[in-house]
Each structure stands twice: as structure tokens, then as C-alpha cells.
Amino acid sequence: MRPARPDLAPRPGLSRDEMESLQRRVAETAVFEDDLPFDPARVSLDTPETENRTLTEATALGGDADGDSPPLVAGIDQSFLDDRALSAVVVLRGGEVVERVHAVSDLDLPYIPGLLSFREGGPILDALAELDCDPDLLVFDGSGRIHFRQAGLATHLGVVCDAPSIGVAKSLLCGTPDEDVDGRPEGWRTPIRADDSVDAVGGHPADPETTIGYAFQSRQYDSRPIVNPLYVSPGHRLSAATTVDLVSRLSGSYKLPEPTRLADAYADEAKAQYE
DNA sequence: GCGACAG
DNA sequence: ATCTTGTCGC
């Protein structure tokens, strides 16, 4: 898939101030409301035998989520080799993997909280460029709107690709949960509201009333090692409520949503060929 | 100055 | 993210 807004793509060599101002431009461009080319209810991990093979092949490379075939959902994750990143993308349609690609790219920056997209964004775009199909939804490993300037990795790349995107993080970058998140039952969720560290930008407020994401308990085994919740947030073209709903629909038997879990495994698997 | 921070 | 042994449980 090709970047719709290459002008907003993360570029190496920018100063910290330039990176932050680019993030504000990204946030202003971002849409935190549902603007989808498909019905969220059609996203699932099911593989109904009623799936039409011919139609499946016909839309495999097109990307449109029309007809009976479920939307194409891409999971994206990375593994690292010295100063290089291996970005992996696994695309699912329902419960089936329809495409897997990866790219190895040089890293320009170290990890800096708040500037993750400038370290991993370029490498991820390299992998997405290898894709033959055109995903309807992008699921990133990291935050979207839950970010100091409301422009985390998922928002930045979602805007650059102008595709609906979701951010799934394993820990909270900023914002405040409405309730305590410890030891909650499977399926539980609570809003993450903007706090003092979140800036208002574009038409997006940042007062304590603004829900920038959700803490979501995707899995909880029979007690024991209490599983921490996931922190999900809209990347682009999605509301916070629909974002949790989609992550819930994409959750299988593990803590991470299936697209992310598969991309995570593929990133490690492919890594072996380079070390 | 203090605190806090996705992967 | 990555470095890593053993250990508990289905």
C-alpha cells in the first residue's frame, strides 16, 4: 500500500521541535470518529464455510471490503537486529492469513518516549510498501491517541496511509484510567481520559472529559499471575468506543489481538534469517 | 528542580 | 524492545 500523505511521513534528521510540530500537524489531520469503509460488526476471527472462494480470490488483492468477504485486517509488529528493525505485517480476512510480508531497515534514532513513530515509522512503511493487498484496518503495536500530542505511532501511520488504524499498547503512556485496572475480569474496560500531559490540538480537546482510549482486559486466566489490561486507542478514522469493540472482536485465546500476535511471531521467525 | 514516559 | 533458567499447569 502507498502513503496517501508522504508529506506527513516521519523523516530522519528532524530536530526534536520539528518532530513535535509534525506530530501536531498529524493530530490536526487525524479523525477520531468512525469513518470506515466497512461495518465493524463484520470484523471477526471466524472462518465461516459459507465463505465464497471465488469472491475471496477476486477481492484478495483489491482491498475493498464489499460483498461477503470480511474486511482485511493487518497486524504490524517489529523485532530488532543491532541497529536495524525487522518490520512484519500479517494480513487476516476473518480468521485466515491472506498475506505476510516483512522488511529490514536501518534505524536512525534511539527509542524516545513520545517519539516512537520517528524510530519505527519509516521501517514500518517499508514493510507496508511490500504488501500486494490493501488492508481495510491497520493494527499497530503502540499507542494512537493516547499520546502527549494525540499523535502516537498508530495515529501517525494511520494518517500517512489515510487508513483506519488502531493502537494496542501493553502499558500506558499517558492519560488516566477512570477506575483501577488491576485484577479485572475478561471483557472489562474503562475509559482513559486526557490528563495534564496531553495537549489539545486541532479540533481535539484535551480536558479530563475527553476519552482518548480504553484500558481493556482482553484475557484473564483462572486467577494466578494477574494479567494486565491492554491500552487501546484510536489511530485514525475511528472513535475510542469502536476501537475497543474492534480489538475485542479481534481477540482470540491470548492477551494480544490475533493480528498483532501473529505479526509478533512472524517478526521473530523472520529475524532468524538475518542473524 | 521533580516526576514520568508506547517499543 | 532485548537478555534468559526454571517452573507451573493444561
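Chain letters run A, B, ... following the sequence lines, proteins first and then strands; every chain starts at 1.
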| Side-chain touch A/S248/A/R189, heavy atoms, less than 4.5 angstrom |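 Heavy-atom side-chain distance check passes, below 4.5 Å.
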
| message | Contact between A/V89 and A/V91 at the side-chain level, heavy atoms closer than 4.5 Å - yes or no? | response |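 With C-beta onward as the side chain, the pair touches.
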
| query | Can you pull the salt bridge (Lys or Arg N to Asp or Glu O under 4.0 Å) pairs that have at least one residue in residues 264-275 of chain A, sequence neighbours excluded? | reply |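 For residues 264-275 of chain A: A/R100-A/E269.
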
| request: List for me each residue that meets salt bridge (Lys or Arg N to Asp or Glu O under 4.0 Å) alongside A/R193, sequence neighbours excluded, and say none if there are none. | output: A/D178

| field | salt bridge (Lys or Arg N to Asp or Glu O under 4.0 Å) against A/D34, all qualifying residues, sequence neighbours excluded | value | none

Under 3.5 Å, side-chain donor or acceptor atoms of residues 12-20 of chain A against the rest of the protein: list the pairs with distances, not counting sequence neighbours.
residue: A/S15; atom: OG; partner: A/E18; partner atom: N; Å: 3.1
residue: A/S15; atom: OG; partner: A/E18; partner atom: OE1; Å: 3.3
residue: A/R16; atom: NE; partner: A/E20; partner atom: OE2; Å: 3.1
residue: A/E18; atom: OE1; partner: A/S15; partner atom: N; Å: 2.8

| note | Pairs under 3.5 Å (Watson-Crick or G-U), crossing ones as [ ], inter-strand ones as |: DNA chain C comes out as ..........

Looking at [Y], is its backbone amide N or carbonyl O close enough to the side chain of [X] to form a donor-acceptor pair, meaning the two atoms are under 3.5 Å apart?
X: A/S79; Y: A/A267; value: yes
X: A/K170; Y: A/N228; value: no
X: A/D35; Y: A/R237; value: no
X: A/T243; Y: A/S239; value: yes

| Taking the inter-plane angle between the rings of A/Y266 and A/H102 on a 0 to 90° scale, is it parallel (under 30°), tilted (30 to 60°) or perpendicular (over 60°)? | perpendicular

| message | Using a 4.0 Å heavy-atom cut-off to protein, can you give one letter per nucleotide of nucleotides 2-7 of chain B, 5' to 3': B if the base is in contact, S if only the sugar-phosphate is, - if neither? | response | ---BBB

| query | When every nucleotide of nucleotides 3-10 of chain C is labelled 5' to 3' by its protein contacts under 4.0 Å (heavy atoms), B for base, S for sugar-phosphate only, - for none, what sequence of letters results? | reply | ------S-

| message | Starting from A/V244, can I reach A/F38 by hopping between I/L/V/M/F/W/Y residues whose side chains sit under 4.5 Å apart? | response | yes

Distance-only donor-acceptor hits, side chain of residues 111-118 of chain A, under 3.5 Å, sequence neighbours excluded:
residue: A/S117; atom: OG; partner: A/H156; partner atom: ND1; Å: 2.9

| query | With a cut-off of under 6.0 Å to the ring centre and 45° to the axis, is A/R261 in cation-pi contact with A/Y254? | reply | yes

| query | Can you list, by residue number, the residues of residues 232-257 of chain A that have a non-hydrogen atom closer than 4.0 angstrom to DNA chain B? | reply | none

| message | Please give me every residue in residues 176-207 of chain A whose heavy atoms get under 4.0 Å of an atom in DNA chain B, ordered by residue number. | response |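 Output list: empty, so none.
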
| field | Qualifying residues under ring-ring contact (aromatic ring centres under 6.0 Å, His included), relative to A/F148, sequence neighbours excluded | value |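 Scan of A/F148 (ring-ring contact (aromatic ring centres under 6.0 Å, His included), adjacent residues dropped) gives none.
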
| Under 3.5 Å, is there a donor-acceptor pair linking the side chains of A/R184 and A/Q217? |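 Result is no, nothing qualifies.
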
| Which string of ( ) [ ] | and . matches DNA chain B, if you list each base 5' to 3' and count Watson-Crick or G-U pairs only when both distances are under 3.5 Å? | .......

| field | Note: A/R84-A/D82 ion pair, threshold 4.0 Å (strictly below) | value | no

| Nearest-Å distance, CG (A/D264) to P (C/dA1)? |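 Result: 7 Å.
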
